[in-house]
Amino acid sequence: MKHHIEELLRHALQGLKATGALPADAAVAVEVERGRAREHGDFASNVALTLAKQARVKPRELAQKIVQALPASEKVAKVEVAGPGFINFFLSPAAFFGVVPAVLAAGESYGRSAVGAGAPVQVEFVSANPTGPLHVGHGRGAAYGATVANLLDAVGFKVHREYYINDAGRQMDILAASVWLRYLELCGEQLVFPSNGYKGDYIYDIGAALHRESGDQFRHPAAAVFRDIPPDEPQGGDKERHIDALIERAKGLLGPAAYRRVFDLGLKIILADIRQDLEEFGVVYDQWFSERSLIENGAADRAIERVKASGHVYEKDGALWFRSTDYGDEKDRVVVRENGQKTYFAHDIAYHMDKLERGFDRVIDIWGADHHGYVPRVKAALAAIGDDPGRLDVLLVQFAILYKGGERAQMSTRSGEFVTLRELRREVGNDAARFFYVLRKCEQHMDFDLDLAKSQSADNPVYYVQYAHARIHSVFRQLKEKGWSHDRANGERHVTRLMEPHEMALMTQLLRYPETVETAALAHEPHQLAHFLRELAHDFHTYYNTHTFLVEDADLRDARLCLIAAARQAIANGLTLLGVSAPESM
RNA sequence: GCGCCCGUAGCUCAGUCGGAUAGAGCACCAGCCUUCUAAGCUGGGGGUCACAGGUUCGAUUCCUGUCGGGCGCGCCA
């Protein structure tokens, strides 16, 4: 509908250019928005205000000319010039009534569109280090990313959902060492666990799995493990040097093959856990992309070569540096360390190179806001190797702070004292978690009130929306109990009877649904859809309270049932995009 | 210190590319169940859009500065 109004305006402006009322080269950016107040109509445009200067006419005068040049449309009942020069459009009743059969005919596809034109888009999200279970911070990225992907899919993009597995690097070595040490304890060795190791209970579980699988095969005396290892922090040493030495000792004592078995077992178990966690949360990927594969198949080397070939590199202190400051980064970055190892950044260049080579029109990365400083260097690298950094969008998701009984919940993976996503899901349910996570725009810090999310009350927006859906089902159950049935065709013939203000409001909201999905998708803002659904539910609840649907007059009854069936469809479609269930009864 | 994000009602937050009288939910107050689920509805009070300048027909929105909060500034990932 919005696009229809925009089209009418464009026609009018073309006409005015043809007659010379507007300069032929006037920049035409037609803006149409929903009128805020009723008296401002259903749609309003400020084109006359923005073009007045170029046309050298007073805004109101220009607005009048535009209105006269507007082509007739059966969907528009009235057009007015108002205020300083706004053009207000009032839709005809036909435009409202049409939405009911339109929704019912479209069914699950109502709100879907083709603006994306099948363009391939990749959405990479969560991508948490496989060093432990997902915590509640990852949950927001998961819900947000999954919903952005769903929205893009709904408006016609070909969406590829991907998880980048950080299965290389020091953190994973720390995990492997942590697992091995817990395993040694289970073998009966007495040792002091490193302060910088992973201390969560799940490490014992993996150690136990290793022991079940391999018995004492990887056992070494604690004395041999800790011989000549530099002291840990509590003993006055450096915790980083301590853990690094333990990693080297593990590799030495176990040998490459056995070390790899320990390493891979930890990776496998944790990854399986993450995967299951996300699946239960309704988050499913097309691809799990391994960082290690970039090293093993030479992509990382190839990336380094391309950066070198760009000339934006130099050697310093034995390391290879990428001069990212050439592209506006605040300092240069190491890509190959003094010890010959490539940095995480080097792998990330290779990964993004690979993404673009795979032919995505747009690549969307969803990162935690703590990685914001990382954006310029990745874009710089893409620019240096001749790729277009404009194809990469990085969306930063702020942390969610959990409140429980008014108190903040602390989280830190290393110490093992964190609230996991799984715990959150168990506590508030998947639906509330998915809904709450996308209720705020991503760059907003979010206070996640666990007590509210879990409360089965009117305060809880997710129940409010779901209840509207369930209530409509309930009406149809009542219909049967009264021995009636719904004649949809008859209802559609009599939609013109739906003249009550509540009915008009509900139809207006239904008309807005496709616009909302499109706007939310293109702006990557799921919260717009969440807020829309609450409003739609409100429009239904007020209607429900004011009018009886199951009236004796069959024509009116059928028409009303068509309307609420359409509302039910729109709510269900919207909730599905959010990954929230639409229950038939509550 | 530098960089990024944020600051809107008592609380949590919307506010589309600069537009018309700044909105919603919660909380608070007053009402509504012989009627399709009261997990609902109706009405009411509540604002220096952090502060100070600037840009213009017009600023919550754009620019500069100040204050306050979060995050980042490794040859970690």
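Both backbone and side-chain heavy atoms feed into the values below; hydrogens, waters and symmetry mates do not. Note on naming: letters A, B, ... go to the chains in the order of the sequence lines (proteins, then strands), and numbering restarts at 1 for each one.
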- Query: So, do A/Tyr464 and B/A39 meet the stacking rule of ring centres under 5.5 Å and planes under 30°?
  - Reply: no
- Query: Less than 6.0 Å separating the ring centroids of A/Phe532 and A/Tyr513?
  - Reply: yes
For nucleotides 67-69 of chain B, list the nitrogen or oxygen atoms of the protein found under 3.5 Å from its nitrogen or oxygen atoms, one pair per line.
from  : atom 1 : to       : atom 2 : distance (Å)
B/G69 : N2     : A/His445 : NE2    : 3.3

- According to the interplanar angle, ranging from 0 to 90°, do the rings of A/Tyr374 and A/Phe345 count as parallel (below 30°), tilted (30 to 60°) or perpendicular (above 60°)? perpendicular
Please tabulate, one pair per line, each protein N/O and nucleotide N/O from nucleotides 28-31 of chain B that are separated by under 3.5 Å, including the distance.
none

- Roughly, in whole Å, what's the span from CG in A/Leu439 to C1' in B/U12? 9 Å
- If we only count heavy atoms from C-beta on, is the A/Gln398 to A/Arg440 side-chain gap below 4.5 Å? no
- Item | Nucleotide nearest A/Met586 when distance is taken to its side chain, options B/G40, B/A39, B/C36 | B/A39
- Message: Does A/Arg471 qualify as a cation-pi partner of A/Phe540, given the criterion of NZ or CZ under 6.0 Å from the six-membered ring centre and within 45 degrees of its axis?
- Response: no
- Message: Could you tell me if A/Arg140 sits above the aromatic ring of A/Phe448, with its cationic atom closer than 6.0 Å to the ring centre and no more than 45 degrees from the axis?
- Response: no
Tabulate below the donor-acceptor pairs under 3.5 Å that side-chain atoms of residues 364-371 of chain A make, not counting sequence neighbours, or state none.
from     : atom 1 : to       : atom 2 : distance (Å)
A/Asp365 : OD1    : A/Lys355 : NZ     : 2.7
A/Asp365 : OD2    : A/His352 : NE2    : 2.5

- Looking at A/His541 versus A/His538, is the centre-to-centre ring distance below 6.0 Å? no
- Nearest heavy-atom approach of A/Val32 to A/Lys2 is O-CE, 3.1 Å
- Task: Sorted by first residue and then second, give each salt bridge (charged side-chain N to carboxylate O under 4.0 Å, His left out) pair with at least one member in residues 333-342 of chain A; sequence neighbours left out.
- Result: A/Asp301-A/Lys342, A/Asp329-A/Arg333
Between N or O atoms, less than 3.5 Å apart, protein on one side and nucleotides 74-77 of chain B on the other: list the pairs.
from  : atom 1 : to       : atom 2 : distance (Å)
B/G74 : OP2    : A/Lys331 : NZ     : 3.4
B/C75 : O2     : A/Glu338 : N      : 2.9
B/C75 : N4     : A/Asp317 : O      : 3.0
B/C76 : OP2    : A/Arg337 : NE     : 3.1
B/C76 : OP2    : A/Arg337 : NH1    : 2.9
B/C76 : O5'    : A/Arg337 : NH1    : 3.3
B/A77 : OP1    : A/Arg337 : NH1    : 3.3
B/A77 : OP2    : A/Tyr344 : N      : 3.3
B/A77 : O3'    : A/Ala168 : O      : 3.2
B/A77 : O2'    : A/Asn129 : OD1    : 2.8
B/A77 : O2'    : A/Asn129 : ND2    : 2.9

- Residue whose nearest RNA chain B nucleotide is more 5′ - A/Gly373 or A/Asn88: A/Asn88
- Whole Å only: how far is the NZ atom of A/Lys2 from the C1' atom of B/C17? 10 Å
- Item | Under 4.0 angstrom between A/Gln444 side-chain N/O and B/G7 OP1 or OP2 | yes
- Query: A/Thr542 side chain: which of B/C4, B/G40, B/U42 is closest?
  - Reply: B/U42
- Which one, B/A38, B/C41, B/C36, comes nearest to the side chain of A/Leu550? B/C36
- Starting at the 5' end of RNA chain B, write a dot or bracket for each base, bracketing those in Watson-Crick or G-U wobble pairs whose two distances are under 3.5 Å and using | for partners on another strand. (((((((..((((.....[...)))).(((((.......))))).....(((((..]....))))))))))))....
- Query: Does any N or O in the side chain of A/Asp431 come within less than 3.5 Å of the main-chain N or O of A/Val580, such that one atom is a donor and the other an acceptor?
  - Reply: no
- Can we call the ring centroids of A/His547 and A/Tyr543 under 6.0 Å apart? yes
- Item | Presence of A/Tyr544 side-chain N/O under 4.0 Å of B/A38 phosphate oxygens OP1/OP2 | yes
- When you measure from the side chain of A/Glu330, which nucleotide among B/C41, B/C4, B/C73 comes out closest? B/C73
